[in-house]
There are 2 protein chains.
Amino acid sequence: MVRLTVQRQAILDLINRSNQHWDAEELARCLGENGEQLGIATVYRGLAALENAGLIQSIQLADKKRYERADKGHHDHLVCIKCGDIEEFCDNKIESRQQQVAQDRLFQMTGHQLLIFGVCQSCSNDSQESKNL
Amino acid sequence: MVRLTVQRQAILDLINRSNQHWDAEELARCLGENGEQLGIATVYRGLAALENAGLIQSIQLADKKRYERADKGHHDHLVCIKCGDIEEFCDNKIESRQQQVAQDRLFQMTGHQLLIFGVCQSCSNDSQESKNL
DNA sequence: CGGAGAATGATAACCATTATCAATATCAAC
DNA sequence: GTTGATATTGATAATGGTTATCATTCTCCG
C-alpha cells in the first residue's frame, strides 16, 4: 500500500502549483527554502511513487529525469540545446500515427516520448545579435 | 582535426557489420574478444567522435546511450519494457509533422528522438503462455 | 628528422540515482 | 488508545554510466 504522506503531498503541491519541469535536486532545494526540508532519497522515492500513481508525469532527458504536473495530460517537448529550456506541444496527429505504427507491428504500446531538439527562439535571437557586433 | 585511427576504425567496422544497438561496454567486450582490445575511455571518445562525424548514430535510453549504423538513415524506435529489445521503424508522416510543429513554434529544429515503449510480440506471447499453465 | 597537435589508456572523478538500514510514522484491528 | 504489521523517512554508502586528467604514444606535415 502506497501512502500519500506530508512529504509527498509537499512535492505534489509544489509541482501542481507550477508549470516547470523539475529535477529532484531543484525540487528538494525549493522545498527546503520553503521550510519543507526533505532528504534527497525521500524526494526521489516520492517522485517515483507519485508518478506511479499517475499524479505527476516525467520526461527522461539525457542527463536526468524531470517531473511535471499530470493534469495537463500527455504532450511532447521541444528541448533547446543551448539553454536547456523546455517547451511543450500537443499534436494528436503525431500521436495517432504512433499508435498506428505500434499496432502494425503487433507491439503493445504502453507509452512514448518524443523529444524535438533545436534552438529556441530566444537563443536564436541571441546568436543573431552577436553576429551584428 | 579529428583522426580516424585504427581503434576508431575497429569500432566503426563492428557497428557497420551489425544491426545491433550497442552500448559502450558491449562494444568494448566484443572488440576485446576479437583481439582488438581498447580502453573503455577510448571507446567512449571514439563513439562520440564517430557520431560527431555522422558515421554512426545513437539513441539515448533512460540508462545509457546506444549506438548504431548511420547508413540506414534516421528512424524511430520501439523499446520493449520487458526484454529491452529495440525494433526500428520509419514513418515520414510523423517526421513531417514534427518539422511542422517546430516551424510553427519558431523553433530551429536540429534533431529529434521518438521512443515508443511497450511490450514486443515475443514477450507478449510469453505472458500469454504463462496464463495458460 | 622534429615538433605540434591528436589520440590512447589507466584511473580518478563526477553525478544522478538506488540500496541499505535503523528510526519513525501510519493505519487497521482489537 | 494500544498494539502490531507495514510503509516511509533520512543519512549515507554504493552503483553505474560517463567524463576528466595526465603522462605516454601516435600521426602527419614541413
Side-chain angles (χ1 to χ4, degrees), chain A residues 1-15 20-68 79 81 84 86 113 115, chain B residues 1-15 20-68 79 81 84 86 113 115:
Chain A
M1 189 242 275
V2 178
R3 289 176 181 151
L4 188 52
T5 61
V6 289
Q7 289 91 343
R8 291 176 182 178
Q9 189 68 60
I11 296 172
L12 181 57
D13 286 349
L14 181 51
I15 291 177
Q20 297 177 48
H21 299 79
W22 299 88
D23 68 33
E25 204 70 43
E26 290 168 352
L27 241 146
R29 197 175 332 118
C30 186
L31 286 171
E33 289 167 0
N34 288 35
E36 274 279 2
Q37 196 145 341
L38 303 196
I40 190 65
T42 302
V43 174
Y44 276 103
R45 279 177 307 216
L47 287 169
L50 291 170
E51 181 173 28
N52 239 299
L55 299 174
I56 59 176
Q57 58 186 326
S58 72
I59 53 176
Q60 175 70 53
L61 300 183
D63 51 342
K64 60 180 70 160
K65 213 167 179 180
R66 290 189 169 275
Y67 293 85
E68 62 180 319
V79 182
I81 57 179
I86 301 173
Q113 175 175 282
L115 298 178
Chain B
M1 188 242 275
V2 179
R3 290 180 179 146
L4 187 53
T5 61
V6 289
Q7 289 89 345
R8 291 177 181 179
Q9 190 68 60
I11 294 172
L12 180 57
D13 286 347
L14 181 50
I15 291 176
Q20 297 177 50
H21 298 80
W22 300 87
D23 68 33
E25 203 70 41
E26 290 169 351
L27 241 145
R29 194 172 337 117
C30 186
L31 286 172
E33 290 168 359
N34 289 33
E36 273 281 0
Q37 196 146 337
L38 304 196
I40 189 65
T42 302
V43 174
Y44 276 104
R45 278 176 308 217
L47 288 169
L50 291 170
E51 182 173 27
N52 239 303
L55 299 175
I56 58 176
Q57 57 186 326
S58 71
I59 53 175
Q60 174 72 51
L61 300 183
D63 50 343
K64 60 181 67 162
K65 213 167 178 179
R66 289 189 168 276
Y67 293 85
E68 61 180 320
V79 182
I81 58 180
I86 301 174
Q113 176 176 280
L115 298 178

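Keep in mind that this is a model prediction, so the values were computed, not measured. Naming: A, B, ... by sequence-line order, numbering from 1 per chain.
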Does any residue of residues 20-36 of chain A have a heavy atom under 4.0 Å from DNA chain D, and if so, which ones, in number order?
none
Please tabulate, for side-chain N and O atoms in residues 31-47 of chain A, each donor-acceptor pair with protein atoms closer than 3.5 Å (sequence neighbours left out).
from: A:Arg45; atom 1: NE; to: A:Ala41; atom 2: O; distance (Å): 3.4

Suppose we screen for side chain to side chain contact (heavy atoms under 4.5 Å, CB included). Which residues come up paired with B:Glu51, at least two apart in sequence or across chains?
B:Ile56, B:Ser58, B:Lys65, B:Tyr67
Looking at five pairs on each end of the helix from C:dC1-D:dG30 to C:dC30-D:dG1, what is the angle between the two axes, given to 10 degrees?
30°
Just the endpoints, please: which first and last nucleotides of DNA chain C, 5' to 3', lie under 4.0 Å from a heavy atom of chain A?
C:dA16 to C:dC27
Please give me every residue in residues 51-64 of chain A whose heavy atoms get under 4.0 Å of an atom in DNA chain D, ordered by residue number.
none
Test of understanding: with side chain to side chain contact (heavy atoms under 4.5 Å, CB included), list the residues that count as partners of A:Val6, not counting sequence neighbours.
none
Near DNA chain C, counting only heavy atoms under 4.0 Å, which residues of residues 38-50 of chain A show up?
A:Ala41, A:Tyr44, A:Arg45
Donor-acceptor contact present, side-chain A:Arg8 to main-chain A:Ala49, <3.5 Å
no
Carefully, step by step, assess A:Ile86 and A:Ile59 under the rule side chain to side chain contact (heavy atoms under 4.5 Å, CB included).
CA-CA 11 Å; A:Ile86 301 173; A:Ile59 53 176; 4.0 Å; yes
Please list residues of residues 1-13 of chain B whose heavy atoms come under 4.0 Å from any atom in DNA chain C, ordered by number; otherwise none.
B:Met1, B:Val2, B:Arg3, B:Thr5, B:Gln7, B:Arg8
With B:Asp13, which residues qualify under side chain to side chain contact (heavy atoms under 4.5 Å, CB included), at least two apart?
B:Gln9, B:Arg17
CD of A:Gln20 to CD1 of A:Ile15: how many Å apart, nearest 0.5 Å?
10.0 Å
Please list, for nucleotides 1-4 of chain D, all pairs of protein and nucleotide N/O atoms separated by less than 3.5 Å.
none

Could you list all the salt bridge (Lys or Arg N to Asp or Glu O under 4.0 Å) pairs where at least one residue sits in residues 22-32 of chain B, not counting sequence neighbours?
B:Asp23-B:Lys64, B:Asp23-B:Arg66, B:Glu26-B:Arg66
A:Gln113 side chain to A:Gln60 main-chain N or O, any donor-acceptor pair under 3.5 Å?
yes
How long is the gap from CD1 on B:Ile11 to SG on B:Cys30, to the nearest 0.5 Å?
11.5 Å
